[in-house]
Amino acid sequence: VNDVQKSSEWYQALLGCTSGHGGDTFEILLDNSREILLYLHRWGDHEHPTLTAPCHKPGNGLILYITVDSLQDTWQKAEQLGLSIAAPIAKSANSGKMEFALRDLDNYYVLLAQK
């Protein structure tokens with residue numbers, strides 16, 4: 001991501017997760033049971049070969065698929081936060097679950113689905 005702290009705050013506000021690491025270059029986001037939900041890395045740090053070229057369009061070919069306990073609560077948070085909603089709540093023909101999609105701060109496509 002371009003800004004680890006801002007992305008961390010974005011995901012925490014939307015998902016109610018917490019920081020498990022913090023910092024400018026790397027973050028671990030944890031769910032309510034302290035399970036790892038997501039890692040955030042700043043482009044170009046830590047010598048990961050897939051994170052060295054921020055000139056490539058972020059999010060190309062990637063969908064972050066996150067299941068949530070309450071899809072309606074998450075939808076309401078997304079609306080309250082004024083997030084970039086890519087698709088409204090609908091039933092997925094593939095999974096049979098209710099879901100909606102957003103774009104995060106780095107334009108990654110984030111699909112949120114009921115558990």
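Note that the structure is a prediction, hence the values are computed from the model and not measured.
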Do you know the tightest heavy-atom contact between [X] and [Y]?
| X | Y | result |
| --- | --- | --- |
| L111 | A101 | CD1-CB, 4.0 Å |
| L38 | L64 | CD1-CD2, 4.4 Å |
| C17 | L30 | CB-O, 3.0 Å |
| G23 | Q5 | O-CG, 3.5 Å |
| F100 | A87 | CB-O, 3.3 Å |

Kindly compute the distance separating [atom1] ([X]) from [atom2] ([Y]), expressed to the nearest 0.5 Å.
| X | Y | atom1 | atom2 | answer |
| --- | --- | --- | --- | --- |
| H41 | I28 | NE2 | CD1 | 8.5 Å |
| L112 | T74 | CG | OG1 | 6.5 Å |
| I36 | L29 | CD1 | CG | 10.0 Å |
| I85 | W75 | CD1 | CH2 | 3.5 Å |
| D104 | S84 | CG | OG | 9.5 Å |
| L37 | L15 | CG | CG | 6.0 Å |

Sequence neighbours excluded, which residues qualify as side-chain contact (heavy atoms from CB on, under 4.5 Å) partners of Q114?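 If we apply the side-chain contact (heavy atoms from CB on, under 4.5 Å) test to Q114, skipping adjacent residues, the hits are L71, K97, M98.
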For the residue pair Y39 and F26, does the interplanar ring angle fall in the parallel (under 30°), tilted (30 to 60°) or perpendicular (over 60°) class?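 It falls in the tilted class, 30° to 60°.
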With side chain to side chain contact (heavy atoms under 4.5 Å, CB included) as the test, would you mind laying out the steps for W10 and L81 before giving the verdict? CA-CA 9 Å; W10 189 93; L81 294 166; over 6 Å; no
Should L102 and Y109 count as side-chain neighbours, where that means a heavy-atom distance under 4.5 Å?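 A side-chain contact under 4.5 Å is absent here.
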side-chain hydrogen bond (donor to acceptor under 3.5 Å, both in side chains) against [X], all qualifying residues, sequence neighbours excluded:
| X | value |
| --- | --- |
| S7 | D106 |
| S19 | E27 |
| Q72 | none |

Show your reasoning for whether side chain to side chain donor-acceptor pair (under 3.5 Å) applies to D31 and S33. CA-CA 6 Å; D31 67 13; S33 57; 3.0 Å; yes
Which pairs count as salt bridge (charged side-chain N to carboxylate O under 4.0 Å, His left out) when at least one residue sits in residues 68-83, sequence neighbours excluded?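 For residues 68-83: D69-K115.
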Does anything in residues 6-21 form a salt bridge (charged side-chain N to carboxylate O under 4.0 Å, His left out)? List the pairs, not counting sequence neighbours.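 Output for this query is empty, none listed.
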